[in-house]
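Chain identifiers are assigned alphabetically (A, B, ...) following the order of the sequence lines, protein sequences preceding nucleic acid strands; residue numbering begins at 1 within each chain. Heavy atoms only: backbone and side chains are in, while hydrogens, waters and symmetry mates are out.
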Amino acid sequence: MELHGVKVDVAQLSRLSSVFAQKMAEDEDAAFEAAGTRFNPGSPKQIGDILFGDMGLPGGKKTKSGAWSTDAAVLEELAAAGHALPRALLTWRQFAKLKSTYSDALKEAINPVTGRVHTSFSLAATSTGRLSSSEPNLQNIPIRTEEGRKIREAFVAEPGHVIVAADYSQIELRLLAHIAGVEALKDAFRAGQDIHAMTASEMFGVPIEGMDPMVRRNAKAINFGIIYGISAFGLANNLGISRDEARTYIDSYFKKFPGIADYMEAMKREARDRAYVETLFGRRIHLPGIRDKNPAMRQFAERQAINAPIQGAAADIIRRAMARMDAAMAQAGLSARMLLQVHDELVFEVPESEAPDLIALAGEVMSQAAAPAVALSVPLEVDARAGATWGQAH
DNA sequence: TCGGCAAGCCAC
DNA sequence: AAACGTGGCTTGCCGA
């Protein structure tokens, strides 16, 4: 499925490539200086030999194939202990990633005829019903770091137009609250509360007012973990805490929200009985691994059984919204064009004067997209904004 | 030179 | 001993 393509600012991408190249050169110098030797900063093998062989630093993890792990978590730990080399490697990697995967590649992807970047959306590539995007993938454009967000600023509207981005707020947690029937979570969503702060308040018995940001952050990690079929190991890894501590958190969460534990057990049972699970809309996700003789395979399938109905229902809902958007825009007399889908977000290009109407319309269509097939017991909220660039529309 | 795997990392 | 879900892209590396 190919939509209209999206315009990118070539000059902006070129400027970014230059900036990133400069930063990489600086980091490379710093890395060679700290290592006392020249090496390829793009080679994890060479990095492992230098850090854990030559320099004799305490190496933690090994990769699947037995080599020293040099991933960001490992390098962060060494950098925090005051070592210069891992810090230089982390920043080198950040800029190398941004340059090769984004600023350079997006420039190359501009179609000479349309002057725009045309991704390819696959409608049947994922097990859960999500779309996928390739050549180039426009569903993983950076947003989490300041430098990365500059890539998003290169996605622009035609003159006289703006970009509108409309995204579902916490759609997966809302669907979990509905599916698992967790009244406390549903009430919080109906009241428009900060769901992570509410979770923290319930779990740790602290007031929401004046809450320590770290406490809220922990609760947020737990909420995400729940959606993924949490394990004490995974949560401990994510939060940098001990497994015992993680286990305590999880137990406390299940005690406060017993409906979640019931939901998880029900999905595991359903998967074992039928070798598939279903979304609210009847999409089936087959899980042959649930009957594998290898316990690790079975446990993986159990986490999929927990996650797939949630992720899949969200995918079903945004598909329903997309299917309705063109007719809705035509009926409203809007000449807006739907450009991209990023799992819980739709991106449009629209004449500037139409932006307020499109924001209202997308919000209405998206928030009502489960109906009439499914009557949700929680509201679906949509944040929609206009901006000159995709970055500014966020 | 090409294809495939491993490692790593970007997004939701 | 394992190792939270769904994807795609790039580089390094190795063998055909």
Scan Gln311(A) against the nucleic acid and name what it touches under 4.0 Å (heavy atoms): base, sugar-phosphate only, or nothing. base
Using heavy atoms and a sub-4.0 Å distance, could you list which residues of residues 132-157 of chain A are near DNA chain B? By number, please. Gln139(A), Asn140(A), Ile141(A), Pro142(A), Ile143(A), Arg144(A), Arg152(A)
Reckon Tyr168(A) touches a base, only the sugar-phosphate, or nothing at all at heavy-atom distances under 4.0 Å? nothing
A quick test of your reading: do over 12 heavy atoms of other residues, nucleotides or ligands sit less than 6.0 Å from CE of Met297(A)? no
Kindly check if the number of other-residue, nucleotide or ligand heavy atoms within 6.0 Å of NZ (Lys255(A)) is above 12? no
Just how far, in rounded Å, is P of dG8(C) from CG of Leu131(A)? 11 Å
Asn223(A) CG - dG5(C) P separation (whole Å): 17 Å
Charged N to carboxylate O under 4.0 angstrom, Asp27(A) versus Arg87(A)? no
Salt bridge check: are Arg247(A) and Asp251(A) linked by an N-O gap of less than 4.0 Å? yes
Before accepting this row, confirm whether a basic side-chain N of the pair Glu158(A)/Arg116(A) lies closer than 4.0 Å to the acidic partner's carboxylate O. yes
When the distance from CE of Met264(A) to P of dG5(C) is rounded to whole Å, what number comes out? 12 Å
For atom CD of Glu245(A), is the number of surrounding heavy atoms from other residues, nucleotides or ligands below 6.0 Å larger than 12? yes
What nucleic acid atoms does Ala72(A) come within less than 4.0 Å of, heavy atoms only: base, sugar-phosphate, or nothing? sugar-phosphate
Lys64(A) NZ - dA2(C) C1' separation (whole Å): 14 Å
Side-chain contact check for Thr101(A): nearest option of dT6(C), dG12(C), dC9(C) is dC9(C)
Given dT6(C), is OP1 or OP2 found less than 4.0 Å from the side-chain N or O atoms of Arg130(A)? no
Mind calculating the distance between CG (Asp49(A)) and P (dC13(C)) to the nearest angstrom? 10 Å
Rounded off to whole Å, could you give me the CZ-to-P distance for the Arg243(A) and dA2(C) pair? 12 Å
Looking only at the side chain of Asn40(A) (C-beta and beyond, no hydrogens), which of the listed nucleotides dG8(C), dG12(C), dG5(C) gets closest? dG12(C)
Starting from the C-alpha separation in whole Å, work towards a yes-or-no answer on side chain to side chain donor-acceptor pair (under 3.5 Å) for Gln311(A) and Thr128(A). CA-CA 7 Å; Gln311(A) 187 182 119; Thr128(A) 56; 2.8 Å; yes
Check whether the side chains of Trp390(A) and Glu349(A) place a donor and an acceptor atom closer than 3.5 Å, and report yes or no. no
Does Gly42(A) reach a base, just sugar-phosphate, or nothing at all? Heavy atoms under 4.0 Å. sugar-phosphate
When you measure from the side chain of Ala125(A), which nucleotide among dC4(C), dC13(C), dG8(C) comes out closest? dG8(C)
Verify ring pair (Phe, Tyr, Trp, His ring centres under 6.0 Å) between Phe257(A) and Tyr253(A), making sure each step is shown before the conclusion. CA-CA 6 Å; Phe257(A) 306 111; Tyr253(A) 187 99; 5.0 Å; yes
Lys150(A) with Glu153(A): basic N within carboxylate O range, under 4.0 Å: no
Contact boundaries on DNA chain B for chain A, cut-off under 4.0 Å to non-hydrogen atoms: dA6(B) to dC12(B)
Between the side chains of Arg217(A) and Asp212(A), is the shortest nitrogen-to-carboxylate-oxygen separation below 4.0 Å, so that they form an ion pair? no
Could you check whether Ala236(A) gets within reach of a base, just the sugar-phosphate, or nothing at all, counting any heavy atom under 4.0 Å? nothing
Round to the nearest Å and state the distance from Gln46(A) atom CD to dC14(C) atom C1'. 15 Å
Distance between the P atoms of dA2(C) and dA7(B), in whole angstroms? 15 Å
If you measure from the P atom in dC4(C) to the same atom in dC12(B), how many Å do you get, rounded? 23 Å
Determine the contact category for Asp344(A): base if any of its heavy atoms lies under 4.0 Å from a base atom, sugar-phosphate if only primed atoms, P, OP1 or OP2 are that close, otherwise nothing. sugar-phosphate
Of dT6(C), dC13(C), dC4(C), the nucleotide closest to the side chain of Tyr228(A) is dC4(C)
Tell me whether the OP1 or OP2 atom of dA2(C) has a side-chain N or O from Ser231(A) closer than 4.0 Å. no
Starting at atom NZ of Lys268(A), determine the distance to atom P of dG5(C), rounded to an integer number of angstrom. 13 Å
